[in-house]
There are 2 protein chains.
Amino acid sequence: MASGISLKELAAELKLAPSTVSRALNDSYEISEATKKKVLNMAEKLNYHANPFARSLRENKSKTIAVIIPERINSFFAQVMDGIEEIAQEHGYHLLVYNTHEDMERERKIVNLLLNGRADAIAMSVTSQTSDNSHLKKLHDRGLPIIFFDRISSEIPTTKFITNDYESAFEATQHLINQNCKKIAFFTLCVDLSISKERQRGFNDAINKAGIALDSSMTLYCGHDEESNVEKIQNLLNSPDRPDGIITSVEKLAFATYHAVKRTNLKMPSDLKLISFSNSSIAGLMNPALTTITQPASLMGSECAKLLIKKLTKPNHYDLLDQVITIPSKITIRESTCQD
Amino acid sequence: MASGISLKELAAELKLAPSTVSRALNDSYEISEATKKKVLNMAEKLNYHANPFARSLRENKSKTIAVIIPERINSFFAQVMDGIEEIAQEHGYHLLVYNTHEDMERERKIVNLLLNGRADAIAMSVTSQTSDNSHLKKLHDRGLPIIFFDRISSEIPTTKFITNDYESAFEATQHLINQNCKKIAFFTLCVDLSISKERQRGFNDAINKAGIALDSSMTLYCGHDEESNVEKIQNLLNSPDRPDGIITSVEKLAFATYHAVKRTNLKMPSDLKLISFSNSSIAGLMNPALTTITQPASLMGSECAKLLIKKLTKPNHYDLLDQVITIPSKITIRESTCQD
DNA sequence: CATAATTTCGAAATCGTTTCCGCATTTTAT
DNA sequence: ATAAAATGCGGAAACGATTTCGAAATTATG
């Protein structure tokens, strides 16, 4: 219905063979400059646009990259996507985007949908629930170039981009210790996630190095329901053994902490200091301004896209090696961790 | 390379004709239950997945909807996208997503890319620079179902979703007046945008109704460069005729205002009250908590998707009428407009 | 039992490209 | 002057699905 003119019709109009027209449009060396010009002009005049599906069918590639993220309302993932899109657009690639909403079952369905070749490659960040990764393995086994960022699946032998999670968490913990925090808590989403583990390891090591006794009650495992997270945090803050410093491993939990603090009599930063992994541009506008560990989101995205496109354009001269590439984060100190 | 088994191969394996297998997979009435079962089993066993491009080519539809937004790091657009995706996934549609970065030239390129039928339909919010809309007209003339949300192009006769921009701005202004503001300013992105006009009209009318003289210096036209916006706002705040109340027509400008205020000696809300159109979930965590006009973003997205899919599935029984559908916003009053 | 009606399936065309192969014609080399 | 190579283009197959048309095989009908 919404289809325009076809190559064959264009060829008929020009009294040329479809093969010739195709070659002319693709700037083939076998076609004279004169006919090329004629074809190009007529194509322009008749508003010819090649049917992408016919081409995809014939060439067995779609010029499309699928991006799968666990949530959209998250400045980190939004920035990654912008980075991916920037490079993709440069190379004429389109982006199919899927949000799993942190739901493993949804992730599995989406991944299975991509098994049919709709996308030439995949860039993704797994769900915090993704323990079983047979669906990812299937994709990889099928030969589909796949790359992970941030939330990686370590069992798939391909290239992964992360930030220096361990070091950042270590540094963040030390920062709190330097700010005179005596009892520091760590809020995280999920134990299974590699980044969670690394961040927690960084936290633990820093605590140990400072000679503080590790207290398991100071590690809070949160879920995806905002309200219940706030309640959990509130309970911890109201307990006699409450922490005086907190590191949250994701943006969302920092916001939940702000909400929880509002429900107590505690004041930040005097009673409680907070630092969080976050890429939110308005961290500096919060009350108090939030000290953040900012991940190189946009760069991670563009690097992912670059490697994928490199693999797609030179399939035989480049492989997505089984490696983890680390791009460091940056800590920005603001009021929420200020010493009075 | 990443391709699996084809229908023909599957048919050969089953010693059936491709046509029979196709019909069996599509649950056609002409095929006996016995063979259907056999086919389904073998398809499962051999991991058969229909090639989407062959199907698209044959059926002249792609089961894909393109979504074009002016920026991604914006909670409103993120929520709209989530709403669209929810409905799209339900109906087996895929989403191609494009970010124009508020750049009209980029918008034109993307729209032209979609002229070839890669997507069955389009949902979009135009750039704040989009004055010439010949590229959009071309799409619509080609018969591609297109729907606008929030930033609409009024010259294209199709369905558009907006919020009650006029009333919300009117109400917001009255709220500031009630809070004792004497000199109220309105910050906006662009004059051409229909929503900007409506919001400004609401603002103007409320000012007039209150018997306040309209002061053109109280309308600030901002751009997309964060820093220069902050400077502009800062200058206004430092002027002797500075406003004591501000309405910003987009989230981004509210954040810029916070930054500008930080560079002055003014205190919110005592010296200056602020209300903004915004869907940010952390408005309540800002310093001071931001009074917001929250748009029904997710609902707008899902409604867009519903109508588009209705049009795509019943092309002859439903048309995207030339109408503007309004879904009201909600005002949430917080500290930034509190009277001491 | 013969004929009609109904199931069930196969052959081939089709969607719009790209590309392999072939064939003139012209240019270059020997 | 003749062979060899290069140039410019057309014909037809191929990609992988769906669908029209028609033909068997089976069942029903009189």
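Just so we're on the same page: letters track the sequence lines, and every chain starts at 1. Computed from heavy atoms alone, side chains included, the values below leave out hydrogens, waters and symmetry copies.
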Legend entry - Any side-chain heavy-atom pair of B:Ile65 and B:Leu308 under 4.5 Å: yes
Inset, instruction - Remember a base hit wins even if backbone is also touched, and classify B:Leu57 as base, sugar-phosphate or nothing at under 4.0 Å, heavy atoms. - result: base
Inset, instruction - Give a yes or no on whether A:Lys36 atom NZ has more than 12 heavy-atom contacts from other residues, nucleotides or ligands under 6.0 Å away. - result: yes
Inset, instruction - Please check the phosphate of D:dA17 (OP1 and OP2 only) for any side-chain N or O of B:Tyr48 closer than 4.0 Å. - result: yes
Legend entry - Presence of A:Thr35 side-chain N/O under 4.0 Å of D:dC9 phosphate oxygens OP1/OP2: yes
Inset, instruction - Let me know the distance between CG of A:Asn51 and C1' of D:dA17, rounded to the nearest Å. - result: 14 Å
Legend entry - Separation of C:dG16 C1' from B:Arg55 CZ (nearest whole Å): 18 Å
Inset, instruction - May I have the distance from B:Asn60 (atom CG) to C:dC15 (atom P), rounded to whole angstrom? - result: 11 Å
Legend entry - Rounded distance (Å) that lies between atom C1' of D:dG8 and atom NZ of A:Lys37: 17 Å
Inset, instruction - Please state whether the phosphate of D:dT18, meaning OP1 or OP2, lies under 4.0 angstrom from any side-chain nitrogen or oxygen of B:Ser19. - result: no
Inset, instruction - Take atom CD of A:Glu9 and atom C1' of C:dT17, then tell me their distance rounded to the nearest Å. - result: 13 Å
Inset, instruction - Check every strand shown and say whether B:Ser22 touches a base, only sugar-phosphate, or nothing at a heavy-atom separation below 4.0 Å. - result: base
Inset, instruction - Rounded to the nearest angstrom, tell me the gap between atom CZ in B:Arg118 and atom C1' in C:dG16. - result: 14 Å
Legend entry - N or O in side chain of B:Arg58 less than 4.0 angstrom from C:dT14 OP1/OP2: no
Inset, instruction - Can you tell me the distance, in whole Å, between the NZ atom of A:Lys8 and the C1' atom of C:dC15? - result: 9 Å
Legend entry - Out of C:dG16, C:dT18, C:dC9, whichever nucleotide has its closest atom nearest the side chain of A:Leu7: C:dT18
Legend entry - Face-on cation placement of B:Lys311 at B:Tyr318 ring, 6.0 Å and 45° thresholds: no
Inset, instruction - Would you indicate whether B:Glu105, at its atom CD, is surrounded by more than 12 heavy atoms from other residues, nucleotides or ligands within a distance under 6.0 Å? - result: yes
Legend entry - Along DNA chain C (nearest heavy atom to each residue), the more 5'-positioned of B:Ala54 and B:Lys15: B:Lys15
Inset, instruction - Could you please name the option among C:dT8, C:dT17, C:dG10 that lies closest to any side-chain atom of B:Ser32? - result: C:dT8
Legend entry - Position toward the 5' end of DNA chain D (nearest nucleotide), A:Arg23 or B:Thr20: A:Arg23
Inset, instruction - For A:His49 and for B:Val21, locate the closest nucleotide of DNA chain C by heavy-atom distance; then report the residue assigned to the nucleotide nearer the 5' terminus. - result: B:Val21
Inset, instruction - For the pair A:Phe53 and B:Phe53, name the ring-plane relationship: parallel under 30°, tilted 30 to 60°, perpendicular over 60°. - result: parallel
Inset, instruction - Using atom CD1 of A:Ile31 as one end and atom P of D:dA6 as the other, report the distance to the nearest whole Å. - result: 18 Å
Legend entry - Listed nucleotide nearest any side-chain atom of B:Ser6, set D:dA17, D:dT19, D:dG10: D:dA17
